[in-house]
Chemist: 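Below are the structure tokens for one structure; questions will follow.
Hydrogens, waters and symmetry mates play no part in the numbers below; they use all other heavy atoms, side chains included. FYI, the numbering just counts along the sequence from 1. Just follow the structure's listing: the first ligand is 1, and inside any ligand the first atom is 1.
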Amino acid sequence: MSDFVMTIGGDSVPAAESFGVINPANGDVFAHAPECTRQQLDAAFDSAAKAQRDWKLDEDVRRQVLLKIADVLMASAEELAPVLTAEQGKPLADATMEVFASAIWCQYFANLETPPQVIQDDDTARVEVVRRPVGVVAAITPWNYPLLLTFWKVAPALLAGNTLVLKPSPYTPLTTLKVSELIRDVAPAGVVNTVSGGDRLGAWMTGHPVPRKISFTGSIETGKLVAQSAAPDLKRVTLELGGNDPAIVLDDADPAQVSKAIFAGAFTNNGQVCSAIKRVYVPEALYGAVLEGLTEQASAIKVGDGSQADSKLGPINNAPQFERVKELVADALAHGARATTGGKAMDRPGYFFEPTILTDISDGTRTVDEEQFGPALPVIPYRDIDDVVERANSTHFGLSGSVWGADGDRAAAVAGRLECGTAWVNTHLALGPSQPFGGVKWSGIGSENGPWGLAEFTEVQAVHRSKDPSGLNASTAGLVS
Ligand code: NAD
């Protein structure tokens, strides 16, 4: 029997079957989540479709509900953060910040102006472009920021007049299930439905006839399956997928300063961030100093159980990802790379891996070419700026990247040459609800956040109101003799 329940049509819905959720800090199952059946998924989509009929009618109500959801999140941070830490692994302070950030996203969209767009208003016609909701949204999320990435979808989808069925990752379903319970009193029944289960449940959702939109965050591999599954009935898709972000250090950068900031950009959430720095390119003249700075940071940081106050980095979230990081680092070492610090799993229960800095490594090694999504960072020397921009871009990934140097304009000019959705200058991972976020190439389709993210949950409708009593206009008049 599960300790957590699903929310369908405003009701608590248990399931006959459940699956275990592991605390990555010790490898033990600490709770169970419901395994949603096909019938329960049908019920969730059915209640979302019914609820949408009223929900789409009153924008003021929607804004009020979003503000109330934000209040619930803020008031529940102490209850939610330990659950998030237990299922995800991140330190409690970071989990608390994730709950607050989710509330901030709701507040931002509750207050986002959506002015009507009048593109013509003269003697012949008034033409307005309006945005209509897409309908029911299927939202599927990964395990690295289970709550925040859920609200990147929930907040704009609700403002636009859609209703949702949410499916969190099977590794981190609990916080999303809990939040859905907590907001039952403030969101009308059926507006936010939450189901839990394995990958199979995600596939059922994308192939289901009710949702008109799939908002997906996860791996490139799954994103391609989602696109295929959405194609037969032309569901709209937003795909936020993986990245392999380069950080390019320029020759006028301050090595001590940039190594601190680059370390933070690479190791936040233990490297499990889609847009974390995943490879660093440093000019030969600065290479030794930057490598030393990064090594110092990585060897000093306190790794431990996220529930303990002094832990700055937690474990890797799950066993397959732990195995993947081990495999990629072992592959790098086998191909001549050297770990200046770290390089192996920690000798303790749970999925802990030593923060690792890799040198004597270059493009063509798996850890450089693939998304490692963990606490291991390759640092690569370069000579020529054009060549390094070419190397940064010669990949299927295109999520984000950063360029670092004392001359901000020069760094910005290099950043402008990166083929990616976000180009940072002298910072990395600076994100906010008003700033569009999305990937190019295989890193995704579409954007989240800001008016651009809101638009993804809408369909454009042109309302052309004729002022000519005949009803004829320039393009049709010639047809009538
Ligand atoms: P994943 O693709 O394995 O799973 C993501 C979600 O998809 C889970 O809920 C999973 O159950 C579900 N799923 C699995 N198979 C499915 C299918 N066939 N159809 C529908 N849904 C299915 O990804 P993950 O391992 O949970 O997350 C890590 C990946 O997510 C990394 O590649 C990371 O870069 C990416 N990510 C991207 C962003 C972004 O905004 N671009 C943000 C966070 C994470």
Side-chain angles (χ1 to χ4, degrees), residues 19 21 24 33 35-36 41 87-90 98 105 138-153 165-177 194-208 211 214-231 235 237-245 268-278 316-325 328 370-374 396-400 420-422 429 431 435-449 453 456:
F19 58 95
V21 181
E35 184 77 61
C36 182
L41 182 65
E87 66 178 344
Q88 206 287 328
K90 64 184 66 190
E98 186 169 339
W105 252 258
I140 300 175
T141 47
W143 46 259
N144 59 339
Y145 286 91
L147 198 61
L148 183 59
L149 296 176
T150 296
F151 280 92
W152 281 26
K153 303 180 186 316
V165 176
L166 311 176
K167 189 199 91 65
S169 164
Y171 294 112
T172 53
L174 306 179
T175 321
T176 312
L177 290 168
T194 302
V195 295
S196 58
D199 296 350
R200 180 185 67 165
L201 177 61
W204 290 350
M205 289 171 76
T206 59
H208 199 280
I214 313 293
S215 181
F216 173 82
T217 304
S219 63
I220 289 173
E221 200 181 19
T222 311
K224 289 180 182 178
L225 294 176
V226 170
Q228 283 172 26
S229 174
K235 290 184 184 82
V237 289
T238 299
L239 303 175
E240 292 289 0
L241 309 177
N244 189 15
D245 287 17
T268 291
N269 210 37
N270 217 9
Q272 302 164 116
V273 187
C274 51
S275 53
I277 295 171
K278 301 203 173 107
I316 289 173
N317 173 255
N318 58 73
Q321 185 58 25
F322 183 49
E323 292 306 318
R324 179 171 162 77
V325 172
L328 287 181
E370 298 180 20
E371 181 184 36
Q372 66 272 43
F373 215 64
H396 286 301
F397 295 98
L399 195 54
S400 35
C420 55
T422 305
L429 290 180
L431 296 164
Q435 185 177 306
F437 181 79
V440 304
K441 300 194 255 183
W442 287 7
S443 287
I445 294 177
S447 290
E448 295 197 287
N449 303 333
E456 300 261 333

Chemist: Just to confirm my output: which protein heavy-atom neighbour is closest to atom 12 (C) of ligand 1, and how far is it?
Modeler: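 The answer is Ile140 CG2, 3.7 Å.
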Chemist: Number the atoms of ligand 1 from 1 as they appear, then name those within less than 4.0 Å of a heavy atom of Gly242, with their elements.
Modeler: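 Going through ligand 1 atom by atom, the ones under 4.0 Å from Gly242 are 32 (O), 34 (O).
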Chemist: Kindly assign one of parallel, tilted or perpendicular to the pair Tyr171 and Trp143, based on the angle between their ring planes and the thresholds 30° and 60°.
Modeler: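 Ring orientation, 0 to 90° scale: perpendicular.
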Chemist: I need the Thr176 OG1 to Leu147 CG distance, nearest 0.5 Å.
Modeler: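 Going from the OG1 atom of Thr176 to the CG atom of Leu147 covers 6.0 Å.
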Chemist: Indicate yes or no: at least one non-hydrogen side-chain atom of Asn317 is less than 4.5 angstrom from one of Asn144.
Modeler: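 No, their side chains stay 4.5 Å or more apart.
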Chemist: Who's the nearest protein heavy-atom neighbour of atom 42 (C) of ligand 1, and how far?
Modeler: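 Protein heavy atom with the smallest distance to atom 42 (C) of ligand 1: Cys274 SG, 2.9 Å.
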Chemist: Which of the numbered atoms in ligand 1 are under 4.0 angstrom from any heavy atom belonging to Glu240?
Modeler: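 Matching atoms, with element in brackets: 37 (C), 38 (C), 39 (C), 40 (O), 41 (N).
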Chemist: Using side-chain heavy atoms (C-beta onward) and a distance below 4.5 Å, is Pro142 in contact with Phe373?
Modeler: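 Not touching, per the 4.5 Å side-chain cut-off.
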Chemist: Counting from 1, what ligand 1 atoms have a heavy atom of Gly202 closer than 4.0 Å?
Modeler: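 Under 4.0 Å from Gly202, ligand 1 has these atoms: 19 (N), 20 (C), 21 (N).
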Chemist: For the residue pair Leu241 and Phe216, establish whether any side-chain heavy-atom pair is separated by less than 4.5 Å.
Modeler: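 SC-SC contact between Leu241 and Phe216 confirmed.
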Chemist: What part of Met205, side chain from CB on, backbone N/CA/C/O, both or neither, has a heavy atom under 4.0 Å from ligand 1?
Modeler: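 Contact part for Met205 vs ligand 1: neither.
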Chemist: Return yes when at least one protein heavy atom is under 4.0 Å from atom 36 (N) of ligand 1, and no when none is.
Modeler: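 Under 4.0 Å from atom 36 (N) of ligand 1, at least one protein heavy atom found.
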Chemist: For Trp152 and Tyr145, what are the C-alpha separation, side-chain angles and deciding distance, and is it a ring pair (Phe, Tyr, Trp, His ring centres under 6.0 Å)?
Modeler: CA-CA 10 Å; Trp152 281 26; Tyr145 286 91; 8.5 Å; no
Chemist: I need the Glu87 CD to Leu174 CG distance, nearest 0.5 Å.
Modeler: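 Result: 4.5 Å between the selected atoms.
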Chemist: Touching ligand 1 at all, Gly444? Heavy atoms, strictly under 4.0 Å?
Modeler: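 So Gly444 does not count as touching ligand 1.
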Chemist: What residue and heavy atom of the protein are closest to atom 17 (C) of ligand 1, and at what distance?
Modeler: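 In this structure, atom 17 (C) of ligand 1 has Thr222 CG2, 3.7 Å as its nearest protein heavy atom.
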Chemist: Can you tell me which residue and heavy atom of the protein come closest to atom 34 (O) of ligand 1, and the distance to 0.1 Å?
Modeler: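 For atom 34 (O) of ligand 1, the nearest protein heavy atom comes out as Glu371 OE2, 2.6 Å.
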Chemist: Would you say the side-chain atoms of Gln272 pair up with the backbone N or O of Asn269, donor to acceptor, closer than 3.5 Å?
Modeler: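 The answer is yes, because a donor-acceptor pair under 3.5 Å joins these two groups.
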Chemist: In terms of atom number and element, which parts of ligand 1 are under 4.0 angstrom from non-hydrogen atoms of Leu149?
Modeler: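 That gives atoms 42 (C), 43 (C) of ligand 1.
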Chemist: Among Thr141, Asn318, Leu431, Leu241, which residue places a heavy atom closest to atom 41 (N) of ligand 1?
Modeler: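 It is Leu241 whose heavy atom sits nearest to atom 41 (N) of ligand 1.
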Chemist: Write out the residue and atom name of the closest protein heavy atom to atom 18 (N) of ligand 1, then the distance separating them to 0.1 Å.
Modeler: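 Here the nearest protein heavy atom works out to Leu225 CD1, 3.8 Å.
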Chemist: Check the pair Ser400 / Asp245 against side chain to side chain donor-acceptor pair (under 3.5 Å), numbers first and verdict last.
Modeler: CA-CA 5 Å; Ser400 35; Asp245 287 17; 2.4 Å; yes
Chemist: Note the single closest protein heavy atom to atom 24 (P) of ligand 1, along with its residue, its atom name and the distance in Å.
Modeler: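 Heavy-atom neighbour on the protein nearest atom 24 (P) of ligand 1: Trp143 NE1, 3.3 Å.
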Chemist: To the nearest 0.5 Å, what is the distance between OG1 (Thr150) and NZ (Lys167)?
Modeler: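 Atom-to-atom, Thr150:OG1 and Lys167:NZ are 10.5 Å apart.
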Chemist: Which label fits His396 and Trp442: parallel for a plane angle under 30°, tilted from 30 to 60°, or perpendicular past 60°?
Modeler: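 Taking Trp442 first and then His396, their aromatic rings lie parallel (interplane angle under 30°).
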Chemist: Applying a 4.0 Å heavy-atom criterion (strictly less than), which segment of Thr217 is in contact with ligand 1: side chain, backbone, both, or neither?
Modeler: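 Both of them.
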Chemist: For ligand 1, note which part of Phe216 has a heavy atom under 4.0 Å away: side chain, backbone, both or neither.
Modeler: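 The part of Phe216 near ligand 1 is the side chain, not the backbone.
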Chemist: Do Leu166 and Thr141 have side chains that approach each other closer than 4.5 Å (heavy atoms only, starting at C-beta)?
Modeler: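 Side-chain contact under 4.5 Å: no.
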Chemist: Of the backbone atoms (N, CA, C, O) and the side-chain heavy atoms from C-beta on, which set of Asn144 has a member under 4.0 Å from an atom of ligand 1: side chain, backbone, both, or neither?
Modeler: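 The side chain, only.
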Chemist: Below 4.0 Å from any atom of ligand 1, is there a heavy atom belonging to Tyr171?
Modeler: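 Tyr171: no contact with ligand 1 (<4.0 Å).
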Chemist: Of the protein's non-hydrogen atoms, which lies at the shortest distance from atom 10 (C) of ligand 1, and what is that distance?
Modeler: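 The protein heavy atom lying closest is Asp199 OD1, 3.3 Å.
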Chemist: Answer with side chain, backbone, both or neither: which part of Pro170 has a heavy atom less than 4.0 angstrom from an atom of ligand 1?
Modeler: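 Side chain only.
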Chemist: Starting from atom 28 (C) of ligand 1, find the nearest protein heavy-atom neighbour and note its residue, name and distance.
Modeler: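 The answer is Phe373 CE2, 3.8 Å.
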Chemist: Tell me which one of Pro142, Gly218, Pro320 gets a heavy atom nearest to atom 29 (C) of ligand 1.
Modeler: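 Answer by nearest heavy atom: Gly218.
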Chemist: Pairs of nitrogen or oxygen atoms closer than 3.5 Å, one from Glu448 and one from ligand 1: do any exist?
Modeler: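 Checking ligand 1 against Glu448, no N or O pair falls under 3.5 Å apart.
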Chemist: So does Gly243 get a backbone contact from the side chain of Glu371, meaning a donor-acceptor N/O pair under 3.5 Å?
Modeler: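 Yes: the side chain of Glu371 pairs with the backbone of Gly243.
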Chemist: If the threshold is 4.0 Å, N to carboxylate O, is there a salt bridge linking Glu370 and Arg324?
Modeler: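 The answer is yes: the pair qualifies as a salt bridge.
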